[in-house]
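Structure first, commentary second.
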Amino acid sequence: MIGRIPWPLGPDTITGGWHTRSRDLVSIAAHIGSKLLLPKNASTKDRFTFIWLAFDAMIHFSFEGSFLYLSVLGRQVNTSTGPFAEMWREYAAADFRWGNADPGIVSLELLTVLGAGPICCYILKQLVNDDPARHFWIVVLSTAELYGGWMTFCPEWLTGSPNLDTSNWLYLWVYLVFMNVIWVGIPIWLMYDSYHYIAQAVRLNRASIKSKTA
C-alpha cells in the first residue's frame, strides 16, 4: 500500500522497541525540518502539511524501501534476516502477502518507493519556496495514496480476505485498520484543501478575464 507503518507490538516481537524508536526519530526529524526550512510566518496548515509529507517520504524510503529490497530478485521477508525483516514478518502475521513477496503488493510498493517518495520531496521543496503549484502535486500524491490503499485491500474483500488475519484484535484494529486509515484520512483532507485552493484560483482568474473583456 502507498503509505504504511509496520508497527510490531506483539509480546514476542524482538524489534518492537527498535521500530518504535525509529518511528519516533522520523517524526522528530520531520518536525525539526519544518522549523528549520519553512518561513517563520508559515501557516499552521502549511507546517502540518510539511511535517506529514516529510514523515511520509521517510516512511516510504526507509520502511517501505526495506520491504521492497527484501521482496525482489528472489528474496522475500519470510526467509530474510535482520531487524527490517523481523519487523515486516510481524506485520505479515496480519497480512500474509507481505511475507511472501506477493506480486500485487510488490507492484504497489514499487510505485510507492519510486513514485510517491520523490513526489513528497518535490512538494516539500515547493512548500519551502511557497510555490502554489504544490496544490496540483498534492492532489496527484493524495490520489495515488488512496488508490494504493484501495488496491491493497479491495482484492482481499472481494475474495473473502483469505490473506488477512482478522481474528486477533491487535492485527485487525492496529495493524490492518489504524496503520492504514492514516493514509486515507490525511490524503482526503489534503486533497480537499488543495481542490478548494485550485478551484478558487481558477474562479478568480475567470472573473478577472471577464472583467477585462467586459
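Excluded from the calculations below are hydrogen atoms, water molecules and symmetry mates; all remaining heavy atoms, backbone and side chain alike, are included.
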### Summary
side-chain hydrogen bond (donor to acceptor under 3.5 Å, both in side chains) filter on Ser66, not counting sequence neighbours, yields Trp88
#### Entry: From Thr152 atom OG1 to Asp95 atom CG, the distance as rounded to the nearest 0.5 Å
8.0 Å
### Task
Without swapping roles, check the side chain of Ser142 against the backbone of Val139 for a donor-acceptor pair under 3.5 Å.
no
### Query
Would a 4.5 Å heavy-atom cut-off, applied to side chains only, mark Thr81 and Glu86 as touching?
no
### Query
Considering all heavy atoms of both residues, which atom of Asn100 and which atom of Asn78 are nearest to each other, and what is their separation?
N-ND2, 3.9 Å
### Query
Is there side-chain contact between Tyr91 and Phe67, with heavy atoms separated by less than 4.5 Å?
no
### Task
Using side-chain hydrogen bond (donor to acceptor under 3.5 Å, both in side chains) as the criterion, list what pairs up with Ser167, not counting sequence neighbours.
Asp165
### Glu156 side chain to Asn163 backbone, donor-acceptor under 3.5 Å
yes
### Query
Is a donor on one side and an acceptor on the other found under 3.5 Å between the side chain of Asn180 and the backbone of Tyr175?
yes
### Donor-acceptor under 3.5 Å (Arg203 side chain, Ile198 main chain)
no
### Task
Verify side-chain contact (heavy atoms from CB on, under 4.5 Å) between Thr49 and Trp189, making sure each step is shown before the conclusion.
CA-CA 10 Å; Thr49 302; Trp189 176 77; 4.1 Å; yes
#### Entry: Inter-residue atom distance Ile138.CD1 - Gln126.CD, 0.5 Å rounding
8.0 Å
### Message
Quick check for you: to the nearest 0.5 Å, what is the distance between Leu124 atom CG and Asn129 atom CG?
### Response
11.0 Å
### Task
Keeping the roles fixed (side chain from Thr159, backbone from Pro155), state whether a donor-acceptor pair exists under 3.5 Å.
yes
### Query
Hey, what do you get for NE2 (His135) to CD1 (Ile123), rounding to the nearest 0.5 Å?
10.5 Å
### Task
List the steps, then state whether side-chain contact (heavy atoms from CB on, under 4.5 Å) holds for Leu108 with Met151.
CA-CA 8 Å; Leu108 287 171; Met151 291 307 297; 4.2 Å; yes
### Query
Do you reckon Phe50 sits in the same ILVMFWY cluster as Ile182, going by side-chain contacts under 4.5 Å, direct or chained?
yes
#### Entry: Over 12 non-hydrogen atoms of neighbours within 6.0 angstrom of CH2 in Trp169
no
### Task
Give the cluster check for Phe178 versus Trp98: same hydrophobic cluster or not, with ILVMFWY residues linked at side-chain heavy-atom distances below 4.5 Å.
yes
### Task
Please name the pair of heavy atoms, one in Tyr197 and one in Pro132, separated by the smallest distance, quoted to 0.1 Å.
OH-CB, 3.3 Å
### Query
Same cluster for Tyr69 and Val106 if Ile/Leu/Val/Met/Phe/Trp/Tyr side chains link at under 4.5 Å?
yes
### Query
With side chains defined as the heavy atoms from C-beta onward, is the minimum distance between Val184 and Glu145 less than 4.5 Å?
no
### Atom CZ of Phe96 with >12 non-hydrogen neighbours under 6.0 angstrom
yes
### Message
Rounded at 0.5 Å granularity, tell me how far CD in Glu64 sits from OG in Ser71.
### Response
11.5 Å
### Query
How far does CD of Glu109 sit from CZ of Phe63, to the nearest 0.5 angstrom?
13.0 Å
### Message
Do Trp137 and Cys120 have side chains that approach each other closer than 4.5 Å (heavy atoms only, starting at C-beta)?
### Response
no
### Query
What pairs meet the salt bridge (Lys or Arg N to Asp or Glu O under 4.0 Å) rule with one or both residues in residues 123-133, with sequence neighbours excluded?
Asp130-Arg134
### Query
Same cluster or not: are Val140 and Tyr195 linked, directly or through other Ile, Leu, Val, Met, Phe, Trp or Tyr residues, by side-chain heavy atoms under 4.5 angstrom apart?
no
### Message
Main chain of Leu164, side chain of Ser161: is a donor-acceptor contact present, judged purely on distance under 3.5 Å?
### Response
no
### Task
Kindly say whether Leu68 contributes a backbone atom to a donor-acceptor pair with the side chain of Arg75 at under 3.5 angstrom?
no
### Query
Please walk me through it: do Leu70 and Gln76 pass side-chain contact (heavy atoms from CB on, under 4.5 Å)?
CA-CA 5 Å; Leu70 295 170; Gln76 59 178 271; over 6 Å; no
### Message
Measuring centre to centre across the rings, with the benzene-like ring taken for any Trp, is Trp52 within less than 6.0 Å of Trp183?
### Response
yes
### Query
So Leu141 and Leu190, side-chain contact (heavy atoms from CB on, under 4.5 Å) or not? Walk me through it.
CA-CA 10 Å; Leu141 176 66; Leu190 288 173; over 6 Å; no
### Query
Would you say the side chain of Phe48 lies within less than 4.5 Å of the side chain of Ile186, judging by non-hydrogen atoms?
yes
### Flag, side chain of Arg89 to backbone of Gly99, donor-acceptor distance under 3.5 Å
no
### Heavy-atom pair with the smallest gap, counting every atom of Ser62 and Phe84
O-CE2, 4.1 Å
### Query
Is there a side-chain contact between Phe136 and Ser194, using heavy atoms and a 4.5 Å cut-off?
no
### Query
Quick one: do Val77 and Met179 end up in the same hydrophobic cluster if we chain Ile, Leu, Val, Met, Phe, Trp and Tyr together by side-chain heavy atoms under 4.5 Å apart?
yes
